[in-house]
Amino acid sequence: MSDRRKFIKTAAFGTMGLATVYACQQKKEEKKDVVKKELNKPLIISTWKHGLPAAEKAWETLNNGGGGIDAVEAGVMISEADPNERSVGYGGLPDREGKVTLDACIMNSNSDCGSVSFLQGIKHPISVARKVMEETPHVMLSGKGALNFALSKGFKEENLLTEKSKKDWEKWLEKSKYKPVINIENHDTIGMLLLDENGDLFGACTTSGAAWKLHGRVGDSPIIGAGLFLDNEVGAAAATGLGEAVIRTAGSAMVVEQMRLGKSPAEACKEIVERIYKKHRNHKDMEYLQVGFIAVNKNGEYGGYSLRSGFDFAVHDNKGSRMENAGFKMEWN
Ligand code: ASP
């Protein structure tokens, strides 16, 4: 081949090569854009209206350089400290003996988790749950043992029964009837799920549980797999509502399993609510049964579903924060 022909051939290949590289690069850019559009990260969702300030706090924590676990902890602490939030932490409605008893759990993307149940006198059970996760060989501490552990870690014991909650309890004692009022007395637990910038999942759940419960009753909220569950390969879910029904059906774990099988978060929540309904429609609890789930998957899709209307959840993502109504099976007025 003459030098001139060789030059033309090489130049042609060189140009083609460059064109191919350019085209590939462009494709990659486009793909990146598509991926960016598809993946809504970071993303925080959180049960009920008090989930809104909580999610804002979690978002702020991420923005200030905190990790996912710092964010969910700081987020739900807002509800725990709020005396007007009658189902979580300080100001929560007591059991039938007038004692505020708390359940909480926390979980990270490595499936590490920590939990406290039937804890009294500690304003931030979620922080004790985190210590159980990070500083003990266990997952769950309960009652006096959980309290002693908290005190050993520097938490202060304080009275969590506000005057308002005390008055409500005294009023309840007049009739002493356990029949939780749907959407008011038996569920306002805060469950928070977070998908961070890296696509890792975190969750936290904290509650004072069902009002007027028997002393010693533990609900679903501190139980990994019931009140909260995540699998970093799939997604995360949290529950609110009548804890007994959620425990009977391993609610949050089942929602995650439905997502593993290919359902969207909203479909997965619906599937398990339907299952709970089927198992309870002739049950004595049906009269006051409400359950709701929220869920998020690895693609940044999220959703919620409840048995009865009235359940909403907070969403915080790059578009800002807002409340969204969950789908539901039946009307409640
Ligand atoms: N699930 C909680 C419980 O049964 C109640 C709630 O959601 O507020 O303890």
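Residue numbers count from 1 along this sequence. Indexing begins at 1, ligand by ligand and atom by atom, following the structure's order.
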For this session: Report, in ascending order of atom number, the atoms of ligand 1 lying under 4.0 Å from any heavy atom of Thr240.
Result: 6 (C), 7 (O)
For this session: Would you confirm whether Arg130, through its side chain, and Glu73, through its main-chain N or O, come within 3.5 Å as a donor-acceptor pair?
Result: no
For this session: Below 4.0 angstrom from a heavy atom of Asp188, which ligand 1 atoms are there? Numbered from 1 as shown, please.
Result: 6 (C), 7 (O), 8 (O)
Exercise. Evaluating non-hydrogen atoms only, which member of Leu242, Asp220, Thr189 is closest to atom 6 (C) of ligand 1?
Worked result: Thr189
Seminar exercise, completed: For Ser221, the ligand 1 atoms with a heavy-atom partner under 4.0 Å come out as 1 (N), 2 (C)
Exercise. Within the side chain of Ser306, is there an N or O that forms a donor-acceptor pair under 3.5 Å with the backbone of Ser309?
Worked result: no
Exercise. Between Gln290 and ligand 1, which part of the residue brings a heavy atom under 4.0 Å of the ligand: side chain, backbone, both or neither?
Worked result: neither
Problem set entry | Main-chain N/O of Gly235 paired to Asp231 side chain as donor or acceptor, under 3.5 Å | no
Exercise. Would Glu244 count as a contact of ligand 1 if the rule is a heavy atom under 4.0 Å away?
Worked result: no
Seminar exercise, completed: Quick note on ligand 1: atoms under 4.0 Å from a heavy atom of Gly209 include exactly 9 (O)
Problem set entry | Numbered atoms of ligand 1 (with element) below 4.0 Å of Thr207, judged on heavy atoms | 8 (O)
For this session: Assign the ring pair Tyr302 / Phe313 to parallel, tilted or perpendicular, where the plane angle (0 to 90°) is split at 30° and 60°.
Result: perpendicular
For this session: Decide if the gap between the ring center of Phe118 and the ring center of His215 is smaller than 6.0 angstrom.
Result: yes
Problem set entry | Cation-aromatic face contact Lys329/Tyr305, 6.0 Å, 45 degrees | no
Exercise. Which class fits the ring pair Tyr288 and Tyr178: parallel under 30°, tilted 30 to 60°, perpendicular over 60°?
Worked result: perpendicular
Seminar exercise, completed: If we number the atoms of ligand 1 from 1 as shown, the ones under 4.0 Å from a heavy atom of Ala210 are 9 (O)
